[in-house]
Amino acid sequence: MSLLGRDFHSSLDDGSKSLLERNSNVTAENVHPAEEASGLSRMQTLIHLLKCNIGTGLLGLPLAMKNAGLLVGPISLLGIGVLTVHCMVILLNCAHHLSQRWQKTFVNYGEAMMYSLETCPNAWLRTHSAWGRYTVSFLLITTQLGFCSVYFMFMADNLQQMVEEAHMTSNNCQPRKFLVLAPILDIRFYMLTILPFLMLLVFIQNLKLLSIFSSLANITTLGSMALIFEYIVQEIPDPSNLPLMASWKTFLLFFGTAIFTFEGVGMVLPLKNQMRDPQQFPFVLYLGMSLVITLYICLGTLGYMKFGSSTQASITLNLPNCWLYQSVKLLYSIGIFFTYALQFHVPADIILPFAVSQVSERWTLFVDLSVRIALVCLTCVSAILIPRLDLVISFVGSVSSSALALIIPPLLELITFYPEDMSCVTIAKDIMISILGLLGCVFGTYQALYELIQPIGHSVANATGEMDLTQVSTHTPQGMPFLVWDCFGGLLYL
């Protein structure tokens with residue numbers, strides 16, 4: 001193998017370890033199998049599993065329900081959740097089987113793909129087995145950078161709304177109507193304002209210090225979710241006028257958003273490896289994912305029933321314009337800000353070892369910091385070029401998350417167990433799940449890209465339905481343009 005191949009292969013090892021470290025809040029010295037360390041308890045593992053699956057995608061589920069329909073949405077989300085959990089179990093079984101076959105103490109996602117290809121009947125696949133690992137690592141990199149780009153848009157959307165409505169914020173928490181505002185600053189300005197702070201944040205490489213930020217993010221997120229639920233369960237309008245089924249075009253956007261929310265498929269193997277009693281992990285997985293799916297369905301359905309056709313890309317943008325709920329946006333944005341550094345560690349720790357291995361030791365620090373800055377700028381530029389929160393969530397979910405969560409695990413099971421006389425039912429089931437994931441990936445990506453290239457007015461009509469102009473306040477300063485918040489946190493001329 002060439003020097004380039006060895007270095008890149010080594011970088012994948014380091015990236016996989018960083019993935020484990022990030023989700024168990026341990027240092028590099030402690031990244032060992034559970035039997036060599038104290039390990040995580042069932043409760044600790046459950047908390048980490050919940051952390052892995054609760055992010056910005058959760059806040060976009062009310063709009064996803066609108067894109068699917070009041071009846072089709074919850075049923076489809078439940079189905080996608082069940083399939084995702086089943087694929088997690090497949091991944092666990094394959095990794096356990098391969099670790100025994102290769103006498104390894106721990107096999108991560110990429111290694112499982114590589115080892116399974118090395119023993120498959122096809123000679124070409126055996127020769128190119130390393131590319132299975134590279135593919136999984138590439139998908140992890142693109143998915144995590146996609147998450148980071150979404151975080152940029154989420155923070156900028158909420159910051160813009162808080163700043164531009166500050167002079168109208170009161171203590172009276174009345175339901176939000178469409179607000180007519182003169183533009184103060186473009187949404188991209190807020191992204192650039194956040195950029196230097198995130199650059200400084202990603203310079204932190206001490207995982208113990210990052211774990212403190214992670215705990216702070218957990219507290220702010222928990223408090224924000226409690227206040228959001230407290231609001232949306234009050235005075236829910238009659239849902240009889242909401243469609244039970246939306247058009248197939250918007251349903252494709254729902255698929256991408258739904259898959260995006262299940263962010264933890266790559267975490268199940270590291271978490272199992274860190275458990276004090278790994279045999280208990282299936283129980284923790286089923287319990288944790290049951291709670292996650294229940295939370296998703298409740299927030300998505302109740303949020304859509306509460307806001308109806310006015311549902312925006314993030315439910316925080318629908319909250320009343322009062323100090324209490326402005327604090328919710330602030331708290332959740334702070335949580336997402338610190339979570340950015342944790343998500344950033346996955347692509348950074350896969351890419352950085354390869355990058356620094358190409359230069360002399362005196363340039364190591366410079367290259368390390370430069371790559372970190374470049375990756376942060378990449379996520380910022382992506383957000384600036386496509387400042388459409390819901391469509392980017394759907395796009396990232398359709399492209400990368402669907403491959404990691406639905407397409408690869410069934411194929412991995414076929415490759416791993418096919419030589420051992422799999423039943424026809426299992427083969428048919430795996431093929432059907434992979435085809436379903438592939439169709440969702442292709443058509444979901446197409447629809448997200450199609451919506452992204454449409455004029456804003458056209459996309460808003462597709463995403464949010466007809467706008468009720470009777471709800472729009474017309475109290476604008478004399479001579480000011482007549483504008484209204486669109487579903488992406490931007491402003492539209494009327």
Side-chain angles (χ1 to χ4, degrees), residues 75-104 106-140 143 251-252 255-256 258-259 262 264-269 272 278-279 281-283 285-286 289-290 293 397-446:
I75 294 175
S76 300
L77 185 58
L78 176 61
I80 291 174
V82 170
L83 284 179
T84 302
V85 175
H86 178 66
C87 288
M88 290 179 179
V89 174
I90 289 176
L91 185 59
L92 289 171
N93 293 337
C94 291
H96 178 72
H97 183 81
L98 290 168
S99 63
Q100 289 185 330
R101 180 188 296 176
W102 290 86
Q103 297 182 346
K104 301 285 185 179
F106 171 66
V107 175
N108 61 39
Y109 200 160
E111 289 172 339
M113 196 67 195
M114 181 180 67
Y115 290 146
S116 65
L117 290 175
E118 286 184 1
T119 57
C120 73
N122 188 285
W124 188 88
L125 290 177
R126 290 198 302 270
T127 305
H128 298 83
S129 60
W131 285 100
R133 181 177 192 163
Y134 299 156
T135 300
V136 170
S137 296
F138 174 76
L139 289 172
L140 282 172
T143 300
F251 181 82
L252 294 176
F255 175 84
I259 289 294
F262 291 98
V265 65
M267 311 299 129
V268 292
L269 292 178
K272 179 184 178 182
Q279 288 74 25
F281 185 74
F283 169 77
L285 178 65
Y286 286 124
M289 294 308 298
S290 296
I293 294 172
S398 297
V399 174
S400 299
S401 299
S402 61
L404 290 172
L406 292 180
I407 299 175
I408 294 180
L411 295 178
L412 179 62
E413 185 176 41
L414 284 173
I415 298 171
T416 302
F417 294 105
Y418 185 78
E420 303 179 13
D421 297 327
M422 294 178 64
S423 68
C424 295
V425 174
T426 302
I427 294 174
K429 179 261 299 180
D430 288 341
I431 293 175
M432 289 179 62
I433 294 176
S434 291
I435 291 176
L436 176 64
L438 182 61
L439 290 175
C441 174
V442 173
F443 290 108
T445 301
Y446 167 79

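None of these values were measured; they are calculated from a predicted model. Both backbone and side-chain heavy atoms feed into the values below; hydrogens, waters and symmetry mates do not.
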Asks: Taking all heavy atoms of Ala405 and all of Cys87, pick out the closest pair and write down the distance.
Replies: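 Smallest heavy-atom distance, with atoms named: O-CB, 3.1 Å.
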Asks: Let me confirm one number: the OG-CG distance from Ser116 to Leu412, rounded to the nearest 0.5 Å.
Replies: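 The CG atom of Leu412 is 4.5 Å from OG of Ser116, to the nearest 0.5 Å.
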Asks: Output the distance between atom OG (Ser398) and atom OH (Tyr446), rounded to the nearest 0.5 Å.
Replies: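 Rounded to the nearest 0.5 Å, the OG-OH separation comes out at 13.5 Å.
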Asks: Report, one line per pair, each donor and acceptor closer than 3.5 Å where one atom sits in a side chain of residues 431-441; sequence neighbours left out.
Replies:
| unit_1 | atom_1 | unit_2 | atom_2 | d |
| --- | --- | --- | --- | --- |
| Ser434 | OG | Ile407 | O | 3.2 |
| Ser434 | OG | Asp430 | O | 3.2 |

Asks: So do the side chains of Glu111 and Leu269 get within less than 4.5 Å of each other, counting heavy atoms only?
Replies: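 When only atoms from C-beta onward are counted, Leu269 and Glu111 do not touch, as no gap falls below 4.5 Å.
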Asks: How far does CE of Met88 sit from CZ of Phe262, to the nearest 0.5 angstrom?
Replies: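 Reported to 0.5 Å precision, the distance equals 7.5 Å.
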Asks: Return the set of residues passing side chain to side chain contact (heavy atoms under 4.5 Å, CB included) with Trp131 (not counting sequence neighbours), or none when no residue passes.
Replies: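 Here the qualifying residues are His128, Tyr134.
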Asks: I want to check something: taking the side chain as every heavy atom from C-beta on, are Val107 and Trp102 in contact at a cut-off of under 4.5 Å?
Replies: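 No, side chains not in contact.
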Asks: As an exercise, state the distance from NE2 of His97 to CD of Glu413, rounded to the nearest 0.5 Å.
Replies: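 Rounded to the nearest 0.5 Å, the NE2-CD separation comes out at 11.0 Å.
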Asks: Looking at Lys104, I'd like to know if its NZ atom is crowded, meaning that more than 12 non-hydrogen atoms belonging to other residues, nucleotides or ligands lie closer than 6.0 Å.
Replies: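 It does not: Lys104 NZ has 12 such atoms or fewer within range.
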Asks: Taking it one step at a time, do Lys429 and Ile90 satisfy side chain to side chain contact (heavy atoms under 4.5 Å, CB included)?
Replies: CA-CA 12 Å; Lys429 179 261 299 180; Ile90 289 176; 3.8 Å; yes
Asks: Does some side-chain heavy atom of Leu414 sit less than 4.5 Å from a side-chain heavy atom of Met422?
Replies: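 In contact.
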Asks: Any side-chain heavy atom of Thr416 sitting closer than 4.5 Å to one from Tyr115?
Replies: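 When only atoms from C-beta onward are counted, Tyr115 and Thr416 do not touch, as no gap falls below 4.5 Å.
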Asks: Could you state the interatomic distance from CG (Leu140) to CG (Leu404), rounded to the nearest 0.5 Å?
Replies: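 Separation between the atoms: 5.5 Å.
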Asks: What I'd like to find out is whether the side chain of Phe417 reaches to under 4.5 Å of the side chain of Cys94, using heavy atoms alone.
Replies: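 A side-chain contact under 4.5 Å exists here.
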Asks: Which heavy atom of Pro409 sits nearest a heavy atom of Ala403, and at what distance?
Replies: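 Shortest heavy-atom separation between Pro409 and Ala403 comes out as CD-O, 4.1 Å.
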Asks: When rounded to the nearest 0.5 angstrom, what distance separates OG1 in Thr135 from CE in Met114?
Replies: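 Separation between the atoms: 12.5 Å.
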Asks: Check whether any side-chain heavy atom of Ile408 lies under 4.5 Å from a side-chain heavy atom of Met113, and answer yes or no.
Replies: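 In short, these two side chains touch, coming nearer than 4.5 Å.
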Asks: Indicate yes or no: at least one non-hydrogen side-chain atom of Tyr418 is less than 4.5 angstrom from one of Cys120.
Replies: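 The answer is no, as the side chains (C-beta and beyond) never meet within the 4.5 Å cut-off.
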Asks: Taking all atoms of both residues into account, what is the closest heavy-atom pair of Gly132 and Leu117, and its distance?
Replies: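 Of all heavy-atom pairs spanning Gly132 and Leu117, the closest is CA-CD1, 3.8 Å.
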Asks: With a 4.5 Å cut-off on side-chain heavy atoms, are Leu77 and Ile293 touching?
Replies: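 When only atoms from C-beta onward are counted, Leu77 and Ile293 do not touch, as no gap falls below 4.5 Å.
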